[in-house]
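Chain letters run A, B, ... following the sequence lines, proteins first, then strands; residues in each count from 1.
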Amino acid sequence: MRQLPALQIVCALLLAACGGPSGKADAPTARSADQPPWEAAANPFVVPGWTSGDKASWQAQMTQRAQNQNEYLRAN
Amino acid sequence: MARMKFICDAERCIECNGCVTACKAEHDVPWGINRRRVVTLNDGVPGEKSISVACMHCSDAPCMAVCPVNCFYRTDEGVVLHDKDVCIGCGYCSYACPFGAPQFPTNGTFGLRGKMDKCTFCAGGPEGNGSQAEFEKYGRNRLSEGKLPICAEMCSTKALLGGDGDVVADILRNRVLVRGKGSEVWGWGTAYGKPAAAGAAPVKEGTKS
């Protein structure tokens, strides 16, 4: 009967060892937030004519750029 | 707010596959994945029609609806993007998409079906704009460089138009009215309205709306 407390302690330690960190990396479950496109890319390929961080300026650039696809403005 | 859209003019597409090639080169898309492709109906028959197809960045995207891990998101500009760090490569989106836009690499994290890859409207992904991490996962972020998608910008016949939906729709509408051909296609009236109702110039004889 004297061995019972010692056995309980050993069992408690063994159970405690099962509760540690799993060591498995958790997959991300939430999307990262995206950066808005009017914040200019960090590379040297950004075209001039608009201001980084200025949404209205970027939208104007997009509209003007889209008109490059309209050949009725380029020819005739 | 701009809502980014693609329009492909079947009267102009000559099936050159330039858009496909430009997309693959611009984004270093791996072998076996085609973010964009050209589909031809009645190939080889006089009167055949071709259109360039990729993700249409749907307003109510079925891929977003079925994704079990919610890896998709829509930007304020209407571009449907996804986070490859969250994607589990299950393939539900490819079954849901009516355009076959989601593509899966044949090797990678999940063996025979890796993480999904699709057209980003040249808008990259969640990583920092123009960063190396973004480029390696999603390709170039041309929107944040002040440019439009490479496929549309380099289209030699300007069959493929990309940009703010209102702007490209105006370009196409004007083109169809000037040439007097194209408004007979199914859905034209729904998309652009009857010429008289829309206050547009009278359509030339021989066209329907």
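- With 3.5 Å as the limit, one finds a donor-acceptor pair spanning the side chains of A:Asp34 and B:Tyr73.
- Options B:Gly125, B:Ser131, B:Gly124 differ in how many heavy-atom pairs under 4.5 Å they form with chain A, and the most are formed by B:Gly125.
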Item to check | B:Arg140/B:Ile150 under side-chain contact (heavy atoms from CB on, under 4.5 Å): CA gap, chis, key distance, verdict | outcome: CA-CA 10 Å; B:Arg140 287 276 295 281; B:Ile150 185 72; over 6 Å; no
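- Across B:Gln132, B:Arg142, B:Glu134, B:Arg12, the residue that shares the most heavy-atom pairs under 4.5 angstrom with chain A is B:Arg12.
- Within the 4.5 angstrom heavy-atom criterion, only backbone atoms of B:Leu160 (N, CA, C, O) approach chain A.
- Under the 3.5 Å distance criterion, with hydrogens and angles disregarded, a donor-acceptor pair is assigned to the side chains of B:Glu145 and A:Asn43.
- In this pair, B:Phe72 and B:His82 present their aromatic rings tilted. The plane angle is within the 30 to 60° band.
- Looking at A:Pro36, the atoms closer than 4.5 Å to chain B (heavy atoms on both sides) all sit in the backbone: N, CA, C or O.
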